[in-house]
Student: 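Mind looking over this structure? Questions follow.
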Amino acid sequence: MGIRRLTREQARRIAVRAQLLDAARPDNLVAMVRQLTLLQIDPTSAIAPSADLVAWSRLGSAYRPEQLKQAVEVDRTLFERNALIRPMSDAGLYLAEVPGWPRMLDWMKANESFQRDILAVLAERGPVTSRDIPDTCSVPWASTGWTNNRNVTQMLEFLARRGQVAISGRVGRERIWDLADRVYPAGLDVPTPAEALEIKNERRLRSLGIARATGAEVPVEPAIVGDTGEPVEVEDTPGVWRVDPAALATVDDFEGRTALLSPFDRLIHNRVRALELFDFEYTLEMYKPAAKRRWGYFALPVLHGDRMVGKLDAIADRKASVLRVNAIHPDVRFTRAISKAVLAEVDDLAGWLKLGKVELPPG
């Protein structure tokens, strides 16, 4: 038998359903994160922080940011690592990672007493912020970037990578650190790195629905899955894809909805994949000069059914209690149904943000 061939519509529907963006909304935050495998932490709050936007776009306006803080800091059903929130049930997979690269290991060895000092402070006073930990390093961390001489922060990061410390919570944007055994559950199963990679690829494919086996690195989390799943071809795209076998059974059973997405949303985070499957071009433009932006500072990608139909340039003016929509940039012709659905999502977003009104652009 040859490789199964999917239409692009079928491939898109697999991707949308896997990301919990079809009509069947989830109703549980932890279960949602378990399916997505992660929430990315980004503090930009032109509208709302990305982790909260991703949760709102799945769970709806019943979701409150306090629920995420509760799950991470009190219930310990989720945990933070490398600016990503993941299900605590997956913690062992990330503690199984290779412990470090040569320069990191050499620096840690040169600062063994510094490591002991940090662990002693945490044991006695934790949880604490990095500012509460004295810098007793013997050899400063040298870098041409912002980490230069940020010795306490670097050592905490490296100790976290080795599973000795962990992020216990946050105060605003500042991380709170503690000993790992006060954050992670007792008896945590840590597989070998090879076993962890295989499981992570399986979880990632279940989350994405359809992905490439290999490819270029993308920021934060790779969108490649190795040889897990089943090989498929997708019309008008080159090469072979991998697909979650469970998704194939329901590929033609799909009911979509309209959603406003975070610029960091996993559905479109891999820009090459977004182009191949959705014909969707997107760049986060907040780092560009205003005159060079096409879509806006923090434009939200707009999903309608199984298609990416445009970008919404908006900002939450909290002082005026207004969700100000500067522009809606369509990628396709907006029918009356699309326009109505997008405006309904805008109203829902304003309500969720507890803003008093929506200001739409003229016309």
Student: Check whether any side-chain heavy atom of V302 sits under 4.5 Å from a side-chain heavy atom of L260, and report yes or no.
Tutor: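 Yes; the side chains approach each other to less than 4.5 Å.
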Student: Under the side-chain hydrogen bond (donor to acceptor under 3.5 Å, both in side chains) criterion, do Q19 and S207 qualify, and how do the steps go?
Tutor: CA-CA 6 Å; Q19 278 289 299; S207 170; 3.1 Å; yes
Student: More than 12 non-hydrogen atoms from neighbouring residues, nucleotides or ligands closer than 6.0 Å to CZ on R307, yes or no?
Tutor: no
Student: Would you compute the distance between atom CD1 of I210 and atom CD of E276 and round it to the nearest 0.5 angstrom?
Tutor: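 Spacing of CD1 (I210) from CD (E276) equals 10.0 Å.
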Student: Mind checking whether I47 and L59 sit in one hydrophobic cluster, side chains of I, L, V, M, F, W, Y counted as touching below 4.5 Å?
Tutor: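 Result: yes, single cluster for both.
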Student: Nearest 0.5 Å, what's the OH-CG distance between Y63 and N28?
Tutor: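 Atom-to-atom, Y63:OH and N28:CG are 12.5 Å apart.
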Student: Within the 4.5 Å heavy-atom criterion, are T228 and R204 side-chain neighbours or not?
Tutor: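 No, their side chains stay 4.5 Å or more apart.
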Student: Kindly say whether G100 contributes a backbone atom to a donor-acceptor pair with the side chain of R162 at under 3.5 angstrom?
Tutor: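 It does not hold such a pair.
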Student: Answer yes or no: is there an ion pair linking R175 with E80, defined by an N-O contact shorter than 4.0 Å?
Tutor: no
Student: Name the one of E66, Q67, E73 that satisfies side chain to side chain contact (heavy atoms under 4.5 Å, CB included) with K69?
Tutor: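 The option that passes is E73.
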Student: Go through the steps for F114 and W141 under the test ring-ring contact (aromatic ring centres under 6.0 Å, His included), then give the verdict.
Tutor: CA-CA 12 Å; F114 182 32; W141 177 259; over 10 Å; no
Student: With a cut-off of 6.0 Å (strictly less than), are more than 12 heavy atoms of other residues, nucleotides or ligands near CG of D106?
Tutor: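 Yes, enclosed.
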Student: With clusters defined by side-chain heavy atoms of hydrophobic residues (ILVMFWY) lying less than 4.5 Å apart, directly or transitively, does V332 cluster with L275?
Tutor: no
Student: Kindly work out whether a path of hydrophobic side-chain contacts (I/L/V/M/F/W/Y, heavy atoms less than 4.5 Å apart) joins V72 to W177.
Tutor: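 No; tracing contacts between hydrophobic side chains, which count when under 4.5 Å, never links both residues.
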Student: Is there a donor-acceptor pair closer than 3.5 Å between any side-chain N or O of R86 and the backbone N or O of L39?
Tutor: no
Student: Applying side-chain contact (heavy atoms from CB on, under 4.5 Å), run through R12 and F254 and close with a yes or a no.
Tutor: CA-CA 11 Å; R12 290 195 300 269; F254 178 84; over 6 Å; no
Student: Closest heavy-atom contact between V234 and W241?
Tutor: CG2-CD1, 3.6 Å
Student: For the residue pair E97 and K200, establish whether any side-chain heavy-atom pair is separated by less than 4.5 Å.
Tutor: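 Yes, their side chains come closer than 4.5 Å.
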Student: Would I14 and V251 count as a side-chain contact (heavy atoms from CB on, under 4.5 Å) if you check the C-alpha gap in whole Å, the side-chain angles of each, and the deciding distance to 0.1 Å?
Tutor: CA-CA 6 Å; I14 287 172; V251 65; 3.7 Å; yes
Student: Carefully, step by step, assess Y94 and N82 under the rule side-chain contact (heavy atoms from CB on, under 4.5 Å).
Tutor: CA-CA 10 Å; Y94 297 91; N82 296 334; over 6 Å; no
Student: Is a salt bridge present between R8 and D279, judged by a nitrogen-to-oxygen distance below 4.0 Å?
Tutor: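 The answer is yes: the pair qualifies as a salt bridge.
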Student: Looking at E174 and V171, would you say the former's side chain and the latter's main chain have a donor-acceptor pair under 3.5 Å?
Tutor: no
Student: Check this for me: does any side-chain nitrogen of one of D178 and R182 sit under 4.0 Å from a carboxylate oxygen of the other?
Tutor: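 A salt bridge is present here (some side-chain N lies under 4.0 Å from a carboxylate O).
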Student: For the residue pair R64 and W352, establish whether any side-chain heavy-atom pair is separated by less than 4.5 Å.
Tutor: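 Yes; the side chains approach each other to less than 4.5 Å.
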Student: Got a donor-acceptor contact below 3.5 angstrom from the E285 side chain to the G296 backbone?
Tutor: yes
Student: Quick check: does any side chain N or O of R125 sit under 3.5 Å from a backbone N or O of D132, one acting as donor and the other as acceptor?
Tutor: yes
Student: Looking at side-chain heavy atoms only, is the closest gap between N149 and N151 below 4.5 Å?
Tutor: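 Yes; the side chains approach each other to less than 4.5 Å.
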Student: When you group the ILVMFWY residues by side-chain heavy-atom contacts below 4.5 Å and let the links chain together, are L300 and V358 in the same group?
Tutor: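 Per the 4.5 Å side-chain linkage, V358 and L300 are co-clustered.
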Student: For residues G92 and P191, report the shortest heavy-atom separation together with the two atoms involved.
Tutor: O-CD, 3.5 Å
Student: Of the non-hydrogen atoms in D90 and F79, which two are nearest, and what is the gap between them?
Tutor: C-CE2, 4.4 Å
Student: Once you round to the nearest 0.5 Å, how far does CZ of R293 lie from OG1 of T283?
Tutor: 13.0 Å
Student: Distance-only, no hydrogens or angles: does the D244 side chain make a donor-acceptor pair with backbone N or O of G209 under 3.5 Å?
Tutor: no
Student: Would R206 and E202 count as a salt bridge (charged side-chain N to carboxylate O under 4.0 Å, His left out) if you check the C-alpha gap in whole Å, the side-chain angles of each, and the deciding distance to 0.1 Å?
Tutor: CA-CA 6 Å; R206 192 180 312 135; E202 291 171 355; 5.2 Å; no
Student: Does either side chain, that of T153 or that of R131, offer a donor lying less than 3.5 Å from an acceptor on the other one?
Tutor: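 No donor-acceptor contact under 3.5 Å links the two side chains.
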Student: Would a single hydrophobic cluster contain both I41 and L36, if residues Ile, Leu, Val, Met, Phe, Trp and Tyr are joined by side-chain heavy-atom contacts under 4.5 Å?
Tutor: yes
Student: Under a 4.0 Å N-O cut-off, is there an ion pair linking R150 with E157?
Tutor: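 Salt bridge absent between R150 and E157.
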Student: Could you please spell out the steps behind the side-chain contact (heavy atoms from CB on, under 4.5 Å) verdict for T77 and V33?
Tutor: CA-CA 10 Å; T77 49; V33 179; over 6 Å; no
Student: Give a yes or no answer on whether the side chain of R81 reaches the backbone of A160 with a donor-acceptor pair at less than 3.5 Å.
Tutor: yes
Student: Between I176 and P127, which heavy-atom pair has the shortest distance, and what is it?
Tutor: CG2-CB, 3.4 Å
Student: Any Lys/Arg nitrogen of D331 or K311 sitting under 4.0 Å from an Asp/Glu carboxylate oxygen of the other?
Tutor: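 Salt bridge: yes.
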Student: Do V30 and D75 come within less than 4.5 Å of each other through their side chains, counting heavy atoms only?
Tutor: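 No; the side chains remain at least 4.5 Å from each other.
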Student: Output the distance between atom CD1 (I85) and atom CG (L29), rounded to the nearest 0.5 Å.
Tutor: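 It is 8.5 Å, given to the nearest 0.5 Å.
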Student: Considering all heavy atoms of both residues, which atom of I268 and which atom of S262 are nearest to each other, and what is their separation?
Tutor: CD1-O, 4.1 Å
Student: Any idea how W107 and F158 line up, ring-wise: parallel (<30°), tilted (30 to 60°), or perpendicular (>60°)?
Tutor: perpendicular
Student: Okay, side chain of D22, backbone of E255: is any donor-acceptor separation there less than 3.5 Å?
Tutor: no
Student: Testing the basics here: between S57 and D265, what is the closest heavy-atom pair and its distance to 0.1 Å?
Tutor: OG-OD2, 4.2 Å
Student: Taking side chain as C-beta onward, heavy atoms only, is V309 less than 4.5 Å from P330?
Tutor: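 In short, these two side chains do not touch, never coming nearer than 4.5 Å.
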Student: Would you find more than 12 non-hydrogen atoms of other residues, nucleotides or ligands less than 6.0 Å from R103 atom CZ?
Tutor: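 Count over threshold, so yes.
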Student: Between H269 and F264, what is the ring plane arrangement, given parallel below 30°, perpendicular above 60°, and tilted in between?
Tutor: tilted
Student: Return the CZ to CZ distance between F278 and R273, rounded to the nearest 0.5 Å.
Tutor: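 Here the interatomic distance stands at 6.5 Å.
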Student: For a 4.5 angstrom cut-off between non-hydrogen side-chain atoms, does M108 reach Q115?
Tutor: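 Of all side-chain heavy-atom pairs linking Q115 with M108, at least one is under 4.5 Å.
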Student: F298 pairs by side chain to side chain contact (heavy atoms under 4.5 Å, CB included) with which of L312, L53, I315?
Tutor: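 Going through L312, L53, I315 one by one, the side chain to side chain contact (heavy atoms under 4.5 Å, CB included) with F298 is satisfied by L53 alone.
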Student: Rounded to the nearest 0.5 Å, what's the gap from CG on L349 to CG on L355? Could you check?
Tutor: 7.5 Å
Student: Under the side chain to side chain contact (heavy atoms under 4.5 Å, CB included) test against P26, which residue among Q35, R58, R34 passes?
Tutor: R58
Student: Would you say K288 has more than 12 foreign heavy atoms packed within less than 6.0 Å of its NZ?
Tutor: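 Yes, enclosed.
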